[in-house]
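Down below is the structure, laid out as structure tokens.
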Amino acid sequence: MAEAVPVAAESFAGCRARAARTVLGQVVLPGDELLLPEQEDPEGPGGAGERPLRLNPGTRTRVRVVCGPGLRRCGNRLLVTKCGRLRHKESGSGGGVYWVDSQQKRYVPVKGDHVIGIVTAKSGDIFKVDVGGSEPASLSYLAFEGATKRNRPNVQVGDLIYGQFVVANKDMEPEMVCIDSCGRANGMGVIGQDGLLFKVTLGLIRKLLAPDCEIIQEVGKLYPLEIVFGMNGRIWVKAKTIQQTLILANILEACEHMTTDQRKQIFSRLAET
Amino acid sequence: MEWATQTDTKVRTETGTESGPRGPGCSLRHFACEQNLLSRPDGSASFLQGDTSVLAGVYGPAEVKVSKEIFNKATLEVILRPKIGLPGVAEKTRERLIRNTCEAVVLGALHPRTSITVVLQVVSDAGSLLACCLNATCMALVDAGVPMQALFCGVTCTLDSDGALVLDPTAKQEKEARAVLTFALDSVERKLLMSTTKGLYSNAEFHQCLAAAQAASQHVFRFYRESLQRRYSKS
């Protein structure tokens, strides 16, 4: 009995609020509460170094903390709402962004995300585009480079569209465009005829689109290819032959569950053939 | 509250080993859980408690029928499929209990006008089926990334004719018992989310069972944490 009681006490403490700094990179579960470190700590030496973030800054400098996906503000703490690894990115003013990096399959539209959609309907002056979210996004026929009322873009039902969200919130229908703020296509628009579209998890897409992703560089060395990543978990790829396209698609799908060494091995084997 | 603390410590000592042989009364059977085993649903989990096994799939936040649309929150739907035959009244009751439990923890307001559908398939029933369904649902919801304010778990306990308490009973123990009580508890404050009971019991016995379930829930939540950590350690 002497041994059982401390175990129970420890597991109870496990779901009490923990300091966000100490669990960075660790797995957090829904219901966990996180404490934010106070940036400026004038009476520092006495305290434990960490106190809950105060909303009214008083005499201290204001610390701006952004809650990313999977986190909500709950009083003066952060409440975790999704399971995944806790991540943090410093910003210039201190504080920074906290978010939970989770493995999900279902996409929820986010403003500014670049996605691959499939045109499902044409009605009047808008297209309905399936992006994998809870409702289809709308795309105006004027939201293409060089499109005017007279000069309509050539988009058919079933075409693939690479575009960007300009309206995406929980209460409204998402809206896509295929031009940037200067009116340039900038790579967006209808995706060409051939090629292969396949779906992967959202976590893999984020990994592949990370600025220093080795996988993409290694894939690029293998075959000449065209590739489009949609933040909604869709990848379109096209190589010279169908065989090469399929190889690339299989490699990218398999990358999710491979270690770096395993991946290097497979790439070197493919490079020989 | 003297009795409550007494049962508490008693249960804790006896549930110390989860996978060990069943103690004199209060111990949980062996747990096992696998996540993300189905390719089509957005989240899936299979949960085993002893020989009871349930497979759960979650779709959502997905498109919703206009007739079921709720303008300020997500529509939760739970479908429970029995091992054989068509779902009957018993399944419908369980569906409702599971749905009410989910509604208490899922942050549906973040995805208004969408549907979150949970499909449960009973693989084998060897007692404590509702508790196992609740646990499978929770793991599948976590796998799908549905926002939740806490985790939840189900714990079943029975009282037999001489008042002895059995946690996580087998089908045989359930049949012989005087009363069967199932609780759903949340992970933050161990609060009661749902309870369903069958049979005769006194007020004090109810509280005794609840305290035992709360103590047992710690083991379930610790198991949740371990199994999720293992899942994320791969990537």
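Below, read A as the first sequence line, B as the second, and so on, with proteins coming before strands; counting in each chain starts at 1.
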Q: Against chain A, label B:Asn72 side chain, backbone, both or neither, depending on which of its atoms sit under 4.5 Å from a heavy atom there.
A: neither
Q) For chain B, which of A:Met258, A:Glu135, A:Gln104 has the most heavy-atom pairs under 4.5 Å? A) A:Gln104
Q. Can you say whether B:Ser39 sits under 4.5 Å from chain A via the side chain, the backbone, both, or neither, judging by heavy atoms?
A. backbone
**Q.** Straight-line distance of A:Glu33 CD to A:Leu79 CG, nearest 0.5 Å
**A.** 6.0 Å
Q) Do you know the tightest heavy-atom contact between A:Arg73 and A:Leu78? A) CA-CD2, 4.5 Å
Q: Heavy atoms only: give me the nearest A:Glu253-A:Leu204 pair and the separation to one decimal.
A: O-CD2, 4.5 Å
Q: Using non-hydrogen atoms and a 4.5 Å limit, figure out which bit of A:Val80 sits close to chain B: side chain, backbone, both or neither.
A: backbone
(Q) Need one label for B:Ala144: side chain, backbone, both or neither, based on atoms under 4.5 Å from any heavy atom in chain A. (A) backbone
Q) Nearest heavy-atom pair of A:Leu35 and A:Ala17: which atoms, and what distance? A) CG-CB, 3.9 Å
Q: Would you mind telling me which of B:Asp186, B:Leu151, B:Thr114, B:Leu141 has the largest number of heavy-atom pairs within less than 4.5 Å of chain A?
A: B:Leu151
Q. For B:Val146, is it the side chain, the backbone, both, or neither that has a heavy atom closer than 4.5 Å to a heavy atom of chain A?
A. backbone
(Q) If I measure from the heavy atoms of chain B, does A:Pro69 come under 4.5 Å with its side chain, its backbone, both, or neither? (A) neither
(Q) For the interface with chain A, which of B:Ser115, B:Pro147, B:Ala109 has the highest count of heavy-atom pairs at distances below 4.5 Å? (A) B:Pro147
Q) Looking only at heavy atoms, what is the nearest atom pair of B:Pro41 and B:Val58, with distance? A) CB-O, 3.7 Å
Q) How about B:Phe183 and B:Phe206: are their ring centres within less than 6.0 Å of each other? A) yes
Q. Which of parallel (below 30°), tilted (30 to 60°) and perpendicular (above 60°) describes B:Phe223 and B:Phe31?
A. tilted
